[in-house]
Amino acid sequence: MLDCGMHMSAGDQKKFPDFEFITQNGSLDDYLDVVLISHFHLDHCGSLPYLTEVIGYKGPIYMTHPTKAICPLLLEDFRKVAVERQGSTTMFNSAQIQACMAKVTALGLYECVTVGDIFIKVYYAGHVLGAAMFYVRVGNESIVYTGDYNMTPDRHLGSAWLDRCRPDVFITESTYATTIRDSKRIREREFLKKVHTAVARGGKVLIPVFALGRAQELCILLDSYWERMGLSAPIYFSAGLTEKATNYYKLFITWMNEKVQKTFVERNMFEYKNIRTFDRSYMDNPGPMVVFASPGMLHAGLSLQLFKRWASDPKNMVIMPGFCVSGTVGNKILNGVKKLEFFNPKETIEVKLDIEYLSFSAHADAKGIMQLTRMCAPRHVLLVHGEGNKMGFLQRKVEKEYGVPCLYPANAETAVIPTPDIQNVLLERNLMSVSPASRSASRVFDGLIVLEHDKMKIVSERSATSEYAVEAQRLWFTETVTVTSTLSPSSYRRRLERELYKRFGDFVAVKDEDLGASDLGTSSSHLSHITVSISPDDSLTGGPTEYPMVKYSVAVSWEDGLIDDEAAFLFVDYLAEMKEDHEEEGEISGGALSEEASSDEYYVSDAEQEYGCLLPANKRTADSMATLDLDCLDETVSELVI
C-alpha cells in the first residue's frame, strides 16, 4: 500500500478509506505485504493509526526518519481539533497514535530494504522535510511512486531526484497538471510587496500554512526581509505545533539543501530574529501584524478562527500560498465567494478583506512532472492526486511527448497495466570475470544464455551457432601504429606477448610475418578477442652498430564488447613508450612463461576451453561445467558478455 491518508474536509463516515473495498470483509494482512508512507502530510498518513489499531493491519510499515518523528505531532494535533472542537466520534485516540508509530520502521535516504520478494529503495522528493519517493520491484516488474514532490529547490530543501530506473509504472502526483509557475524570485518579490503594503496601511496579514514546509520556507523569507528593511510590525507563527516542528528542522539538518548545511555552524536559519510565538490573546490587538497559522486550507484550527475574526475589515489581507482542496474555506474564497455560512457554531461571515493567491506550493508544476517522468524513463505513467480534467490534459501531453501509455483512474477504479512476459532470470550472483589467485589478469566469460522450455542454460558461442543454425557476427576495431625500436624482431615479439598476456590473459593472438602465429590464443579451444600483427621492415640506418634500429608496423585489433576500448588504446599507447632495454636470450621462448613466472603456469581444462573461462583450482571440474551447474561460477564470474 502506497500511503494511507485521510480526506481532510470529509465528515466522520468518509474521512478514512474504505478498506473493505480491498478485503471484502477478510483480513487486510492477506492482501498487504507492506505499507509505505511518503511524508507526514495528513492526506498521506492520516489514516495510519486507523489502519493498524482499528482495522488491525499487522505487517511492516516504512517511512523516513524525519517523517516518523513529525508524523505523531500532526496526527495528535488533528485529533485534538477533530474531537475537542468538532465533536468527532470516530477519531482514533492518543494511545492508538503512539501504538501505531511504535510499529513503524524508519529508513534513510537511498536505503534499500527487502520484504519477502519485494525490493524497495528510497529517493529524495523535496516537497517537505523527510518526503520520499519509492522504487518498488518484484521480480522483473517495478513501479516508482512519487508521493508529493518538488522539482524546484527552495530556501531550505533541494529538488526531487530519480535515477534512470525505467519502471514499468510511474505513479506520479498531478496537483498542478496544467500549471507552469513563474520564477520563484518573482513570486517571492510579489509576496513581500503584498505583505509590506498591507502592513503599511495598518492591516493584519493572515498566511494560512501547513505547520511544516511552507511555514518554514516563508518564515525564512519574511524574517530576512524584515531585518533588511528594518520593519517593526510583529510577525507571529502559531504556538505549539509549528514551534515543535521547527525544532525537527534544526535536528534533521542533513535533509536540507547545501546552503543551509554550509551556514548551519555560523547561524541556523530556523532560529528567527523577527518572528515570535503567537498567543490567542493577540488576536484583537490593535495595529498591523503578520501571522502564520495552520492549517493551510482554512478548514479548521487557528487559521480559520483568525480568518473569521479578520474577514470583515478591508484593511486586512489573507495570502493563500498553496493549493486548496475543493470544499474547504480556502478553495471557496479563492473562487470568489463573499459570504460564508458555518454550522458549528452557526454563523455567517462576510468576506471583505483582500484575498491574494501566490503559489508557494511545494508540489511540482506541469513542467516538473514532465521533467521527472523523462528522468526515470517509465513504460507506463499513472496520474494520481489531481483534478480529472487537468489530469486529462497532462495525459495527452505525456503520450504525445514521450510516447508511453498514460492513465488517470478515478477513485476505486482498477487500472490494468500490461508488462512484458519475460522469464524471471535473476542472475543476482553476477557472473563475474575470473581472476585465479595466481593470475593478476582478469578473464572474460564468453557465452549465451538460452531460455528453452522454461529452463535456462548457458552455452558457448560454438555450441549455439551449431545447435541453433545461426551465424555469429563479430565486430572488430583495428588501430595501426608504426614504431621504431632497437629490439630484434624476436625480442620485440616476446615483449609484446608478455605485455598482452599480462593485460588481456589468454584471449590473445600474436602473429608476425617472420615467426608466424603465437600459441597464446590460437588454441582451437576458444576464440581470441584481441590480435596483434607485427610487420618488421628493413633495418634503418643511423642506429648504434650493436643494436640497429628496426621499424615495426603493429596492427592491434580487438573485438567490440569483449575487450574494453580504453584498455585497447592504453596498450596502443604502450607500444610507443615501450622500454628498449635488451633482454637476455631465453627470458621468453616461443610464447612460454619464463622461469620466474613458471610457478604461475595454469593448464586449461576441457570445460574451461569449451566455455572460454578460467576457474579457481578448487572449482575446476569438467563435470560441473559440462552440466552447466551455475554454482561452479559463483563468486568467480563478474561479467557476462552475451
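- By the 6.0 Å contact criterion, CG on N411 is open, its count of non-hydrogen atoms from other residues, nucleotides or ligands being 12 or less.
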* To do: Evaluate the ring pair (Phe, Tyr, Trp, His ring centres under 6.0 Å) criterion for residues F134 and Y145: first the C-alpha distance (whole Å), next the side-chain angles of each, then the deciding distance (0.1 Å), finally the verdict.
  => CA-CA 5 Å; F134 294 103; Y145 173 66; 7.2 Å; no
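- By the 30° and 60° cut-offs, the orientation of the rings of F278 relative to Y236 is perpendicular.
- A side-chain hydrogen bond (donor to acceptor under 3.5 Å, both in side chains) with H39 holds for exactly one of D3, D148, T67; it is D148.
- When all heavy atoms of F170 and P378 are compared, the closest pair comes out as CB-CB, 3.5 Å.
- Using a 30° and 60° split on the angle between ring planes, F16 and F92 fall in the tilted class, from 30° to 60°.
- Within 6.0 Å of CD on E258 lie no more than 12 heavy atoms contributed by other residues, nucleotides or ligands.
- Counting all heavy atoms, side chain and backbone alike, R79 lies closest to S94 at NE-OG, 3.2 Å.
- For the pair V115 and P60, the tightest heavy-atom approach, listed with the atom from each and the gap, is CG1-CG, 4.0 Å.
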* Steps toward salt bridge (charged side-chain N to carboxylate O under 4.0 Å, His left out) verdict (E401, R374) -> CA-CA 10 Å; E401 292 199 16; R374 181 176 66 251; over 6 Å; no
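- Between F237 and Y272, the angle of the ring planes goes over 60°, which puts this pair in the perpendicular group of the 30/60° scheme.
- Within 6.0 Å of CZ on R228 lie more than 12 heavy atoms contributed by other residues, nucleotides or ligands.
- K68 places a side-chain N or O within donor-acceptor distance of the main-chain N or O of V104, the cut-off being under 3.5 Å.
- The pair R155-E188 meets the salt-bridge criterion, since a charged nitrogen lies less than 4.0 angstrom from a carboxylate oxygen.
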* Would you sort out whether M391 and S174 count as a side chain to side chain contact (heavy atoms under 4.5 Å, CB included), showing the intermediate values? => CA-CA 7 Å; M391 295 163 83; S174 52; 3.3 Å; yes
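- The one candidate from V329, L298, I355, T328 that meets the side-chain contact (heavy atoms from CB on, under 4.5 Å) condition with L334 is I355.
- Judged by distance alone, with hydrogens and angles left aside, the side-chain atoms of T64 form a donor-acceptor pair with the main-chain N or O of G130 at under 3.5 Å.
- Taking the six-membered ring where the residue is Trp, the centroids of H44 and H127 are separated by 6.0 Å or more.
- By the 4.0 Å N-to-carboxylate-O rule, D284 lies close enough to R309 to be salt-bridged with it.
- Between W226 and H196, the ring-plane angle classifies as tilted under the 30° and 60° cut-offs.
- Note on ring orientation: taking the six-membered ring where Trp is involved, the planes of Y50 and F19 are parallel (angle under 30°, cut-offs 30° and 60°).
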